[in-house]
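Heads up, the thing below is written out as structure tokens.
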Amino acid sequence: MDKPTKDNTENKASLNFLEQIIENDLKTDKHQGKVLTRFPPEPNGYLHIGHAKSICLNFGLAQKYNGKTNLRFDDTNPTKESTEYVDAIKEDVKWLGFQWEEPVMYASDYFEKLYEFAVYLIKKGKAFVCEMSAEEMSKGRGTPQTPGVLSPWRDRSVEENLELFEKMRKGEFKEGAKVLRAKIDMTSPNMHMRDPVMYRIMHAHHHRTGDKWCIYPTYDWAHGQSDYIEGITHSICTLEFEVHRPLYEWFLDNLDITEDRPRQYEFARLNLSYTVMSKRKLLQLVEENHVNGWDDPRMPTVSGMRRRGYTPSAIRAFADRVGVAKRNNVIELSLLEYFIREELNKKASRVMTVLNPVKLIIDNYPDNKSEQLPVKVNPEDPESCYKMVAFSKELYIEREDFMEDPPKKYFRLSPGKEVRLKYAYIIRCDSVEKDDQGNITEIHCTYFPETKSGLPSDKKVKGTLHWVSISHAEEVEVRLYDRLFTEPQPENTEKDFKEFLNPDSLKVVTGYTEPVVIGVRPGKSFQFERLGYFVVDPDSTDEKMVFNRTVTLRDSWAKIEKNNQ
RNA sequence: UGACCGAUGGUGUAACGGUAGCACUGCAGAUUUUGGUUCUGCCUGUCCAGGUUCGAAUCCUGGUCGGUCAACCA
């Protein structure tokens, strides 16, 4: 942790483009040394790993340059937003480990101010009330290649506009009857400059302002002005807003804001392989029950990843490594997995759990005997304490750890071969018993007492297996999660992304494990030895513990097997 | 077909006119009572064509490819 890395000693040389901008602004004293960023979610869905990148970026930049970050809900569309999402978003940001400037901000806090700003523009002749229908307006706007046409209402007098706008606010018009538009340039090659809508009439109940308003500002109108009101210095958003920037600037210009102007910067959003990132598609997965809710451990949502067993620090390290740039990217899932393995390898207690059991009987071990073997809770942790693991004559091992007719390089158990039972003894397989279908029901072995763990012994074996003592084992439910899609980029093919849903993304099995895990609180992570990292799920009850597989261990044997095929 | 943005190994990201580096992945080996971890080594890259320059990933021109933009969504 403390050892200086190249990055730390030479960080000057590896600033991302936003850090360069900020350092330059600091040098030129552009904002009097101030850095104020903001994270501006719309409360209409849950946060996902892409948002996490943005959160780490905005809060991280502020931390690095002694600044602050606002959490601002962009709540300008009452029909889509709710407090359920507000609460979930706050929880996720906090969980990720970030502290916003109190109080939490809302664009809806600025509705009155925004209204005044709009009046200012109307008075300047820079905005007008338009009565075209949505369709007419859409047609009239033209296309990126062809210019739009002027609204017939564009040249109303200032007085008339003022009066109409006030009546809009008072609720004298039906929804959709009128809008307030900025008067810019219908021939601009930038569609966003073709007299964009600033206010629309919506007779809708807002989750915070209730029924006070029936006109609501659009994103473009609300966002930049909210930035200005809060004193945001660097307004960081994703690439698709690049074409909005001229409009962002136009509003500030025409409001005659010359001091303390915020500036918008755009970066490339995060994409992750084997998943989808659009809110719409994630919502679809939830609504069509392809997953069990927003916090399903297969979802790339922050709440899903939390339930999956990902930790805030692993997500932060990931966001940091992924970098910030302006080019489109797809990050390999293996990078995310790398960071959670790295963290859990150091922190997770080890426990032996058998997920696909086959009975192993040690014929020369006394019938009623059992031993308590001392085992280090985490060999990677020098401070780690010891626990006791029960050993007896009848055990479970994994079916995959035994083969009657093994291929070369198979280090596990097979007839006549010897392996070590981890923390216990070396055993030799003598015979197997099968049922009518030829399935192995029992594996009979001999153990060598002099090879007990900790005793000096010359006997060497290639393989070490995990196991549980049947009479001491506890049954738990284990949910084996895998990637949600079978396709690296499910959104980038001609087919519907749902065709690539992985049918094996969840398998539920019964596991046999050590009693030490029973009663542990949800959210606690373990390494099931030789299998992977697992976390206690909130579905756990006194009767049955539930574990989610966060990620498997790296498995070089699986690779060898695969390559042999 | 218009405007804007972008292009460095398989993936992501540095190098700011002077030795193309880092991480992940992959491969090979060492260590190992987890086929884990750790350690060592290796493979693979500047979209193309011109130009400027002693010198170009970097600057200029043209092309190619990719992305974004035509909600009263954000």
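The sequence lines fix the lettering, A, B, ..., with proteins before strands; numbering per chain opens at 1. Keep in mind that this is a model prediction, so the values were computed, not measured.
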Just the rounded figure in Å: distance from [atom2] of [N] to [atom1] of [X].
X      : N     : atom1 : atom2 : result
A/Q20  : B/U13 : CD    : P     : 14 Å
A/Y265 : B/C5  : OH    : C1'   : 17 Å
A/E240 : B/G66 : CD    : C1'   : 16 Å
A/R200 : B/A71 : CZ    : P     : 14 Å

Base [N] to side chain [X], donor-acceptor N/O within 3.5 Å cut-off:
X      : N     : value
A/E175 : B/C72 : no
A/H244 : B/A74 : yes
A/S453 : B/U33 : yes
A/E380 : B/U38 : no
A/E242 : B/U68 : no

[N] phosphate, OP1 or OP2: any side-chain N/O from [X] under 4.0 angstrom?
X      : N     : answer
A/Q489 : B/G66 : no
A/T76  : B/A74 : yes
A/S556 : B/G36 : yes

Note to self: Heavy atoms within less than 4.0 Å of RNA chain B: which residues of residues 329-339 of chain A have one? Give them sorted by number.
What the structure shows: A/N329, A/V330, A/I331, A/E332, A/S334, A/L335, A/Y338
With both distances under 3.5 Å as the test, what is the Watson-Crick or G-U wobble partner of [N]?
N     : answer
B/G9  : none
B/G2  : B/C69
B/C39 : B/G29
B/A14 : none
B/A74 : none
B/G45 : none
B/G50 : B/C60

Just call it for [X]: base, sugar-phosphate, or nothing, with non-hydrogen atoms closer than 4.0 Å on any strand.
X      : answer
A/V179 : base
A/S138 : sugar-phosphate
A/V324 : sugar-phosphate
A/K559 : sugar-phosphate
A/F241 : base
A/Y410 : base
A/A134 : base
A/M132 : base
A/R420 : base
A/G454 : base
A/R412 : base
A/R327 : base

Nearest-neighbour nucleotide for the [X] side chain, [options] considered:
X      : options             : value
A/E529 : B/U34, B/C73, B/G35 : B/U34
A/K326 : B/G35, B/C5, B/U68  : B/C5
A/Q145 : B/C27, B/C73, B/G2  : B/G2
A/K422 : B/U33, B/A70, B/A74 : B/U33
A/D74  : B/U37, B/A3, B/A74  : B/A74
A/R530 : B/G26, B/U34, B/A14 : B/U34
A/W557 : B/U1, B/G35, B/G6   : B/G35
A/T143 : B/G35, B/A70, B/A14 : B/A70
A/Y423 : B/A14, B/U33, B/A23 : B/U33

Notebook entry, point to check: Parallel, tilted or perpendicular for A/Y216 and A/H206, by the 30°/60° rule?
Noted result: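 Ring orientation of A/Y216 relative to A/H206: parallel.
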Notebook entry, point to check: Which word best sums up how the rings of A/F391 and A/W467 line up, parallel for under 30°, tilted for 30 to 60°, or perpendicular for over 60°?
Noted result: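 A/F391 and A/W467: perpendicular rings.
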Check: Is the closest side-chain donor-acceptor distance between A/N70 and A/E230 under 3.5 Å?
Finding: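 Yes - a donor-acceptor pair under 3.5 Å links their side chains.
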Note to self: Testing the 3.5 Å rule here: is there a donor-acceptor pair between the side chains of A/N77 and A/T79?
What the structure shows: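 Yes, A/T79 and A/N77 have a side-chain donor paired with an acceptor closer than 3.5 Å.
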Next item on the list: Nearest-nucleotide wise, let me know which of A/V243 and A/P217 is further upstream toward the 5' end of RNA chain B.
Entry: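 Its nucleotide being nearer the 5' end, the pick is A/V243.
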Next item on the list: Please figure out whether A/K279 or A/R554 has its closest RNA chain B nucleotide nearer the 5' end.
Entry: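 Looking at RNA chain B, the more 5' nearest nucleotide goes with A/R554.
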Checklist line | Worked check of salt bridge (Lys or Arg N to Asp or Glu O under 4.0 Å) between A/K27 and A/E23 | finding: CA-CA 6 Å; A/K27 213 180 296 164; A/E23 294 207 355; over 6 Å; no
Item checked: Among A/F111, A/W213, A/F173, A/F165, the one residue meeting ring pair (Phe, Tyr, Trp, His ring centres under 6.0 Å) with A/Y199 ->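 Checked A/F111, A/W213, A/F173, A/F165 against A/Y199; only one passes ring pair (Phe, Tyr, Trp, His ring centres under 6.0 Å): A/F165.
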Distance, [atom1] atom - from [M] to [N], rounded to whole angstrom:
N     : M     : atom1 : value
B/C59 : B/C69 : P     : 27 Å
B/U11 : B/G67 : P     : 15 Å
B/A23 : B/C42 : P     : 13 Å
B/C22 : B/G62 : C1'   : 34 Å
B/A14 : B/G9  : P     : 13 Å
B/C4  : B/U38 : P     : 49 Å

Is any side-chain heavy atom of [X] closer than 4.5 Å to a side-chain heavy atom of [Y]?
X      : Y      : result
A/R316 : A/S313 : yes
A/I236 : A/S54  : no
A/F411 : A/K417 : no
A/W221 : A/L114 : yes
A/L413 : A/C429 : yes

Check: What form does the base of B/A71 take, syn (within 90° of 0) or anti?
Finding: syn
Donor-acceptor pairs under 3.5 Å, side chain of residues 447-455 of chain A to any protein atom, not counting sequence neighbours: which ones?
unit_1: A/T451; atom_1: OG1; unit_2: A/I426; atom_2: N; d: 2.9
unit_1: A/T451; atom_1: OG1; unit_2: A/F448; atom_2: O; d: 2.6
unit_1: A/K452; atom_1: NZ; unit_2: A/E371; atom_2: OE1; d: 2.8

